[in-house]
Amino acid sequence: MSEAEIKKRKPNWNKDEVLLLTELVKTNASVLEGKFGPGVTSAKRQEAWQVITATINSAGLHPRSKEEVEKKWKNIKSQSKQKYSKFNRKTRGTGGGPAPTPISPVTDAVIDILGQDNVALTGVPGSVDSTMLQVLDLVPTDDG
């Protein structure tokens with residue numbers, strides 16, 4: 001393989017870049033996280049991601065593409081949801097064991113962006129886990 005064919009790995013995102021990305025998404029949350037409609041179009045979202053990417057690149061740390069920035073945000077959001085869910089489970093427990101790990105500033109910012117009452121974070125109130133229904137259907141009954 002020639003040197004041109006070898007894909008060089010980009011540097012990891014550092015804390016400053018992650019915090020900057022989180023703050024930029026927070027300022028554009030209505031466009032990036034809002035529902036599509038007359039005020040939120042695909043073109044506006046793409047434009048917002050272009051501006052965010054340009055701002056991150058102007059910070060002079062490491063050049064990133066728009067696709068890399070969007071993927072990083074999706075990863076941050078997913079990890080934050082998991083951490084928040086784990087934190088909530090531990091704080092609602094009956095006690096015992098070590099104290100739950102405090103939420104990081106990035107996770108806290110993501111929760112602020114999504115909203116603490118977001119169904120993606122809290123689940124649907126009064127809902128039943130469908131996997132349990134499937135298990136119950138597999139259990140043989142005395143009827144048959």
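How far CZ of Phe87 is from CD1 of Ile111: 10.5 Å, rounded to the nearest 0.5 Å.
Inter-residue side-chain proximity for Lys71 and Lys74 is flagged as unmet; no heavy-atom pair is nearer than 4.5 Å. Put simply, the side chain of Trp73 does not reach to within 4.5 Å of the side chain of Leu32, judged on heavy atoms. Residues Asn14 and Glu17 have side chains in contact (heavy-atom distance under 4.5 Å, counting atoms from C-beta outward). The shortest distance between side-chain heavy atoms of Lys86 and Thr101 does not fall below 4.5 Å. Pro105 has its side chain out of reach of Asp108: every pair of non-hydrogen atoms, C-beta onward, lies at least 4.5 Å apart.
Under the rule for a side chain to side chain donor-acceptor pair (under 3.5 Å), Asp16 has no partner lying at least two apart in sequence or in another chain. Contacts of Gln46 classified as side chain to side chain donor-acceptor pair (under 3.5 Å), with partners at least two apart in sequence or in another chain: Lys66. Judged as a side chain to side chain contact (heavy atoms under 4.5 Å, CB included), and not counting sequence neighbours, Ser30 has no contacts. With sequence neighbours excluded, the residues satisfying salt bridge (charged side-chain N to carboxylate O under 4.0 Å, His left out) with Lys77 are Glu33. Legend: residues meeting side chain to side chain donor-acceptor pair (under 3.5 Å) with Ser78, ordered by chain and number and at least two apart, are absent. With sequence neighbours excluded, the residues forming a salt bridge (charged side-chain N to carboxylate O under 4.0 Å, His left out) with Lys10 are Glu68, listed by chain and number. Residues satisfying the salt bridge (charged side-chain N to carboxylate O under 4.0 Å, His left out) test with Lys90, not counting sequence neighbours, are none.
As a member of the Ile/Leu/Val/Met/Phe/Trp/Tyr network built from side-chain separations under 4.5 Å, Val40 groups with Phe36. Val31 shares a hydrophobic cluster with no other residue; no ILVMFWY side chain has heavy atoms under 4.5 Å from its own.
Ser80 contributes a side-chain N or O that, together with a main-chain N or O of Ile76, makes up a donor-acceptor pair within less than 3.5 Å.
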Under 3.5 Å, which donor-acceptor pairs do the side chains of residues 51-58 form with other protein atoms, sequence neighbours left out?
residue: Thr53; atom: OG1; partner: Trp49; partner atom: O; Å: 2.7
residue: Thr55; atom: OG1; partner: Val51; partner atom: O; Å: 2.8
residue: Asn57; atom: OD1; partner: Arg64; partner atom: N; Å: 2.7
residue: Asn57; atom: ND2; partner: Thr53; partner atom: O; Å: 3.3
residue: Asn57; atom: ND2; partner: Arg64; partner atom: O; Å: 2.9
residue: Ser58; atom: OG; partner: Ala54; partner atom: O; Å: 3.4
residue: Ser58; atom: OG; partner: Thr55; partner atom: O; Å: 2.7

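In this structure, Thr41 and Gly37 approach most closely via the heavy-atom pair CG2-O, 3.8 Å.
Screening residues 40-59 for salt bridge (charged side-chain N to carboxylate O under 4.0 Å, His left out) gives no qualifying pairs among residues at least two apart or on separate chains. Applying the salt bridge (charged side-chain N to carboxylate O under 4.0 Å, His left out) definition to pairs two or more places apart or across chains, none involves residues 53-63.
Of the candidates Arg89, Lys83, Lys81, Arg89 is the only one forming a side-chain contact (heavy atoms from CB on, under 4.5 Å) with Ser85.
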